[in-house]
*Asks:* 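Sharing a structure with you now.
Given the structure is predicted, the values throughout are model-derived calculations rather than measurements. Heavy atoms only: backbone and side chains are in, while hydrogens, waters and symmetry mates are out.
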Amino acid sequence: MTDLIAALGLMLAIEGLCLAAFPSVWRRAMEAVLHAPEMPMRIAGLVVGALGVLLVFLVRSAGR
C-alpha cells in the first residue's frame, strides 16, 4: 500500500512540475482531449494503464 501512495505522489509531483513549466501546452492538450472521440481515448487509457502495470511488475521483479 505504501508503494501505491508513493507512486501516486510521484505522479502528482511530475504532473505538477510539467504543468508549472508548460501551462500553455497543457491547456492546448486539454482542449484537444475535450474534442477527441471517446473510443480512441479509452483504448489509449487501457494501453497506458497496461504498460504502467507491466513496468511496475518488471521493476518489482528485478528487485528480488
Side-chain angles (χ1 to χ4, degrees):
M1 187 64 167
T2 57
D3 288 341
L4 176 63
I5 295 169
L8 289 173
L10 181 59
M11 180 195 69
L12 290 172
I14 291 170
E15 283 192 16
L17 290 173
C18 290
L19 180 58
F22 310 106
S24 61
V25 174
W26 272 74
R27 181 167 299 181
R28 284 194 309 268
M30 291 302 109
E31 288 173 359
V33 166
L34 287 174
H35 301 294
E38 276 190 28
M39 192 52 68
M41 288 179 57
R42 287 181 196 265
I43 292 169
L46 288 172
V47 169
V48 170
L51 287 174
V53 169
L54 178 64
L55 180 63
V56 169
F57 174 76
L58 291 173
V59 167
R60 301 284 293 175
S61 295
R64 293 182 185 181

*Asks:* Under the salt bridge (Lys or Arg N to Asp or Glu O under 4.0 Å) rule, what pairs show up with a residue in residues 36-53, not counting sequence neighbours?
*Replies:* E38-R42
*Asks:* Give the other cluster members for V53, using side-chain heavy-atom distances under 4.5 Å between Ile, Leu, Val, Met, Phe, Trp and Tyr residues; answer none if it is isolated.
*Replies:* none
*Asks:* Can you tell me which residue pairs pass the salt bridge (Lys or Arg N to Asp or Glu O under 4.0 Å) test with a partner in residues 2-14, sequence neighbours excluded?
*Replies:* D3-R60
*Asks:* To the nearest 0.5 Å, what is the distance between CG on L10 and CD1 on I5?
*Replies:* 14.0 Å
*Asks:* Can I get a per-line list of side-chain donor-acceptor pairs under 3.5 Å for residues 14-23, giving both atom names and the distance, sequence neighbours left out?
*Replies:*
none

*Asks:* Sequence neighbours excluded, which residues qualify as side chain to side chain contact (heavy atoms under 4.5 Å, CB included) partners of R28?
*Replies:* S24, V25
*Asks:* Can you sort out the partners of L12 under side chain to side chain contact (heavy atoms under 4.5 Å, CB included), two or more places apart, ordered by chain and number?
*Replies:* none
*Asks:* Taking transitive links into account, so neighbours of neighbours count too, which hydrophobic residues share a cluster with V33 at under 4.5 Å side-chain distance?
*Replies:* M41
*Asks:* What residues form a side chain to side chain contact (heavy atoms under 4.5 Å, CB included) with I43, not counting sequence neighbours?
*Replies:* M39, V47
*Asks:* With sequence neighbours excluded, what pairs up with E31 under the salt bridge (charged side-chain N to carboxylate O under 4.0 Å, His left out) test?
*Replies:* none
*Asks:* Just to verify, what does L55 make a side chain to side chain contact (heavy atoms under 4.5 Å, CB included) with, not counting sequence neighbours?
*Replies:* V59
